[in-house]
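Here is the structure we will look at, set down as structure tokens.
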Amino acid sequence: DGGGATLSSACNMVRILGLVGLGVVALSWAVQAKPTTGAAKPNILFLFPDQWRSDWDGEHDNWDGTGIPLKIPTIRSLIANGTKFSNTYVAAPVCAPSRSCLASGREYDRAGVACNFCNDFPVDAEKTFYNQLEEAGYHTMVCGKDDLTKKSSPGIDGEFNRVALGFSDGLRACGKDDVVSSFPKPHEPYGVFLNDTMVALEDGTPVSAWLAHAACMGKGNKSLCDRTSFPGSTYEDNWTAENAMTLIGRRPMNKPFFIQINFPGPHPPFLVTSDMEFAVENRTYTGGVDSHASNTKTVCIPTGEPSNNPESQPSGRCDYAAEIENLDSRMADIIEFVRKQGVIENTIIVWASDHGTMLGDHNDQGKTMPWEGSAHVPMVVTGPNVPQARHVILPVTIMDLAATFLDYGAGSLAPGMTSQSMKGIFEGTNHSARDFISSGLQNSDFNSTEIVSDSEMGGGGFNWRMVVRYYNDSTILKFICCKGKCNGEPSNVGAPVEGYTQLLYNTVADPFDMHPLTEKPQYAGEIAHLRSLLPTDQWTCGQ
């Protein structure tokens, strides 16, 4: 029932809780948060993996109270040495729109990218915060799958629109399925790297790493995928980490730097090497909530070969965990590299993700949905002036990192940017933020007034908007309005009423969207208020 909270006179204050008894041993690169003199602009190290859901941060349990076994000492050390934001949402839970909202510093309906392959980021119409940081004197760098040219791809050399997007240097690529979309020929830098690299099958036969990788991704000759032909040395997350260190190492030393490291993982397919598979041997993972696998527990049994279990099955959680743990190690490598460069004490480190993933909850997989597994992501920040072992429960949005980074870099917002700085919240000097967080997504361009069928979603279209608002420590309300049915909705959601599905949840008491409050009379006023906060440009929610 929402914890019995009083909803009037909502106090929009940051709630800060000390994290005690963490039991975390600080890694060698971890530093004490030291005050800065204000003379030097900080470096910014932005670790931005793809599709990492919020409750897989080593500090949450499953829906049934069992633990989620993860060995992620880097993340644990970041949490112990920095500030964790436990209610972080994205402006649009799918790759290109989410990253475009961040880049543009604008909410979903104004960021210019409605769906993954609708169009590239509109560089002719909008400035990015990368442009603004570069103008403020930063050397801006990017590596991995930024998805800002997802429709066109970053090009064979990764250079398409790099300069226009505001990156001083970059080693960009596609990720996962997009890499092999042009098989049998590579069309972007990671595929080119693989095509120029030789590996060996278990019997010693030499083979192109490109053909082996494609085979493991289900393309071409499947016999070319085995334990030795798909090694860690050619794994894309590892390659991305190496490229990040290359970029940092060749930067000009007379400028502060910003780098956004876009790891392709843990985005599906959850394809992992045999060594990664063995790292989670004998772990037990529970199936998703409200699903056919809710009562299923899977023990991770390695096959000795590359593994690619489907996300919809509990076994997919074994491979998801393996990807996450490998990423944790790669992030440690990068942070240690920055430490050896002698600049770690003046570097802000942010770890977050562009969206989550459903992992079988409500029988769903992937993202694009307003449910917690999809739209709720982790975020931790550490660095100079950032308090340690602090927990902020106020809802925040990834798109506000744009204004935050510009605030740290003494840059200015470009015209049209509505991102708001969280610098004061990061440093504990400001105890208020946005009155509400908004999110939304549709699978067609913004000019469409209909719900368009999407073959990637099994033929079902979707068009929804969402508002999240803090009231008190026990009440954070999330209001969702979908045109027609909500995609991937929980099993207890009824049919649309007059063409719309409207839902209200208290995410504190109900972190898996299983107990809607929509029909409870005491919430009628808040539903009306939250509905009024939804975007109104070319979008309406039925009354």
- Query: With a 4.5 Å heavy-atom cut-off, do His267 and Cys95 have their side chains touching?
  - Reply: yes
- Quick check: does any side chain N or O of Asp169 sit under 3.5 Å from a backbone N or O of Met141, one acting as donor and the other as acceptor? no
- Item | Side-chain donor-acceptor pair present, Thr205, Asp203, cut-off under 3.5 Å | yes
- Pro189 side chain reached by Trp239 side chain, heavy atoms, under 4.5 Å: yes
- Salt bridge present between Arg172 and Glu188 (N-O < 4.0 angstrom): no
- Between atom CZ of Phe512 and atom CG of Asp64, what is the distance when rounded to the nearest 0.5 Å? 8.5 Å
- State which residues pass side-chain hydrogen bond (donor to acceptor under 3.5 Å, both in side chains) with Glu489; sequence neighbours excluded, sorted by chain then number. Lys485
- Message: Tell me if a side-chain donor or acceptor on Asp226 pairs with a main-chain N or O of Leu201 at a distance below 3.5 Å.
- Response: no
- Message: Suppose the criterion is ring-ring contact (aromatic ring centres under 6.0 Å, His included): which pairs have a residue in residues 290-321, not counting sequence neighbours?
- Response: Trp56-Tyr320, Phe270-Tyr320
- Message: Treating Thr501 as the side-chain partner and Gly484 as the backbone partner, does any N or O pair qualify as donor plus acceptor under 3.5 Å?
- Response: yes
- Query: Does one side chain, of Thr286 or Thr66, offer a donor that lies under 3.5 Å from an acceptor on the other?
  - Reply: yes
- Do the ring planes of Trp351 and Trp52 sit parallel (below 30°), tilted (30 to 60°) or perpendicular (above 60°)? perpendicular
- Item | Check: Ser54/Glu372 side-chain N/O donor and acceptor closer than 3.5 Å | no
- Rounded to the nearest 0.5 Å, how far apart are CE of Met466 and CE of Met369? 13.0 Å
- Task: With sequence neighbours left out, write down each residue that passes side-chain hydrogen bond (donor to acceptor under 3.5 Å, both in side chains) with Arg283, or none if nothing qualifies.
- Result: Tyr285, Glu325
- Message: Using only atom types and a distance under 3.5 Å, with no angle test, would you say the side chain of Glu277 pairs donor to acceptor with the backbone of Thr303?
- Response: yes
- Thr397-Asp400 side chain donor-acceptor pair, cut-off 3.5 Å: no
- Task: Let me know which of Asp178, Asp50, Asp120, Asp177 forms a salt bridge (charged side-chain N to carboxylate O under 4.0 Å, His left out) with Lys150.
- Result: Asp178
- Message: Could you check whether Asp354 pairs with Lys367 (Lys NZ or Arg NE/NH1/NH2 to Asp/Glu carboxylate O, under 4.0 Å)?
- Response: no
- Item | NZ (Lys340) with more than 12 external heavy atoms under 6.0 Å | no
- Sequence-distant partners of Arg110, side-chain hydrogen bond (donor to acceptor under 3.5 Å, both in side chains), two or more places apart: none
- Message: Is it the case that the side chain of Thr128 and the backbone of Leu165 share a donor-acceptor pair, with hydrogens and angles ignored and the cut-off at 3.5 Å?
- Response: yes
- Query: Hey, does Ile348 have a side-chain heavy atom less than 4.5 Å from the side chain of Val350?
  - Reply: yes
- Query: Do the ring centers of Phe446 and Tyr108 come within less than 6.0 Å of each other?
  - Reply: yes
- Task: Look at the rings of Phe129 and Phe405 and say which category their plane angle falls in: under 30° parallel, 30 to 60° tilted, over 60° perpendicular.
- Result: tilted
- Side-chain donor or acceptor of Gln442 paired with backbone N/O of Phe462 under 3.5 Å: no
- Query: Do the side chain of Trp464 and the main chain of Thr368 share a donor and acceptor less than 3.5 angstrom apart?
  - Reply: yes
- Message: Treating Trp371 as the side-chain partner and Gly488 as the backbone partner, does any N or O pair qualify as donor plus acceptor under 3.5 Å?
- Response: yes
- Message: If I take atom CG from residue Leu359 and atom CG from residue Asp364, how far apart are they, to the nearest 0.5 angstrom?
- Response: 11.0 Å
- What pairs with Asn195 under side chain to side chain contact (heavy atoms under 4.5 Å, CB included), at least two apart in sequence or on another chain? Pro186, Ser208, Trp210
- Message: When you compare the side chain of His213 with that of Phe230, does any pair of heavy atoms fall below 4.5 Å?
- Response: yes
- Item | Sub-4.5 Å side-chain heavy-atom contact between Asn238 and Asp333 | no
- What residues form a side-chain hydrogen bond (donor to acceptor under 3.5 Å, both in side chains) with Lys176, not counting sequence neighbours? Glu323
- Between Asp290 and Trp63: side-chain donor-acceptor atoms closer than 3.5 Å: no
- N-O pairing of Asp513 and Lys478 below 4.0 Å: yes
- Task: Look at the side chain of Thr74 and the backbone N and O of Asp328, then say whether any donor-acceptor pair between them is shorter than 3.5 Å.
- Result: yes
- Query: Are Asp57 and Lys84 close enough that some pair of their side-chain heavy atoms sits under 4.5 Å apart?
  - Reply: yes
- Message: Has Ser312 got a side-chain atom pairing as donor or acceptor with Gln365's backbone, closer than 3.5 angstrom?
- Response: no
